[in-house]
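Let me begin by presenting the structure, written as structure tokens, before commenting on it.
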Amino acid sequence: MKTEDRKLAIADYKKRAAVAGVFAIRCRATGEVWVGQALDLEKIQNRIWFTLRMGSHRNVELQRAWSAHGADNFSLETLEQIEDEELAYVRETLLKERVQHWRAQLKASAV
């Protein structure tokens with residue numbers, strides 16, 4: 001790939017719109033579910049899986065389950081996407097409301 005093409009590809013990647021929303025992490029071995037929110041659903045799994053592999057995730061129960069059962073027993077799914085909202089505080093409020101809904105619906109813990 002030419003340098004110019006590479007620069008264009010990087011610029012296009014940076015311009016893409018991030019999609020915010022609510023996600024669930026499931027452990028197949030135990031049936032446990034954790035629900036969280038992200039401003040960029042496309043990147044959240046890599047971020048969480050990295051901290052879990054490093055043994056440094058802030059949710060002790062999730063980290064314990066990951067350490068006991070391994071990556072192969074975990075999956076991340078998008079539960080709901082939030083429409084692009086111009087005002088950040090409106091998006092944050094909506095995300096918090098939807099996370100509470102999904103945690104109650106799935107009887108899930110926080111991520």
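We number each residue from 1, following the sequence as shown.
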Minimum side-chain heavy-atom gap [X]-[Y] below 4.5 Å:
X: D40; Y: V19; result: no
X: L76; Y: W49; result: yes
X: L79; Y: V22; result: yes
X: S56; Y: F50; result: no
X: F23; Y: I48; result: yes
X: V111; Y: V35; result: no

query = Is E32 salt-bridged to R26, going by a charged N under 4.0 Å from an acidic O?
reply = no
key: Ion pair check, R64 and E61, cut-off under 4.0 Å   = yes
key: Backbone N/O of D72 and side chain of R28: donor-acceptor pair under 3.5 Å   = yes
Main-chain N/O of H57 paired to Q63 side chain as donor or acceptor, under 3.5 Å = yes
inquiry  = Quick check on E4: does its CD atom have over 12 non-hydrogen neighbours (other residues, nucleotides or ligands) under 6.0 Å away?
reply    = no
Can you see which heavy atom on [X] is nearest to which on [Y], and at what distance?
X: R103; Y: S109; value: NE-O, 4.0 Å
X: L106; Y: A24; value: CD1-CB, 4.4 Å
X: A110; Y: W34; value: O-CD1, 3.4 Å
X: L95; Y: A20; value: CD1-CB, 4.3 Å

key: Verdict with supporting geometry, Q37 and R98, side-chain contact (heavy atoms from CB on, under 4.5 Å)   = CA-CA 9 Å; Q37 66 188 44; R98 299 311 298 157; over 6 Å; no
[atom2] on [Y] to [atom1] on [X], rounded to 0.5 Å:
X: I44; Y: L39; atom1: CD1; atom2: CG; answer: 8.5 Å
X: L62; Y: T51; atom1: CG; atom2: OG1; answer: 7.5 Å
X: N59; Y: I25; atom1: CG; atom2: CD1; answer: 8.5 Å
X: E97; Y: H101; atom1: CD; atom2: NE2; answer: 11.5 Å

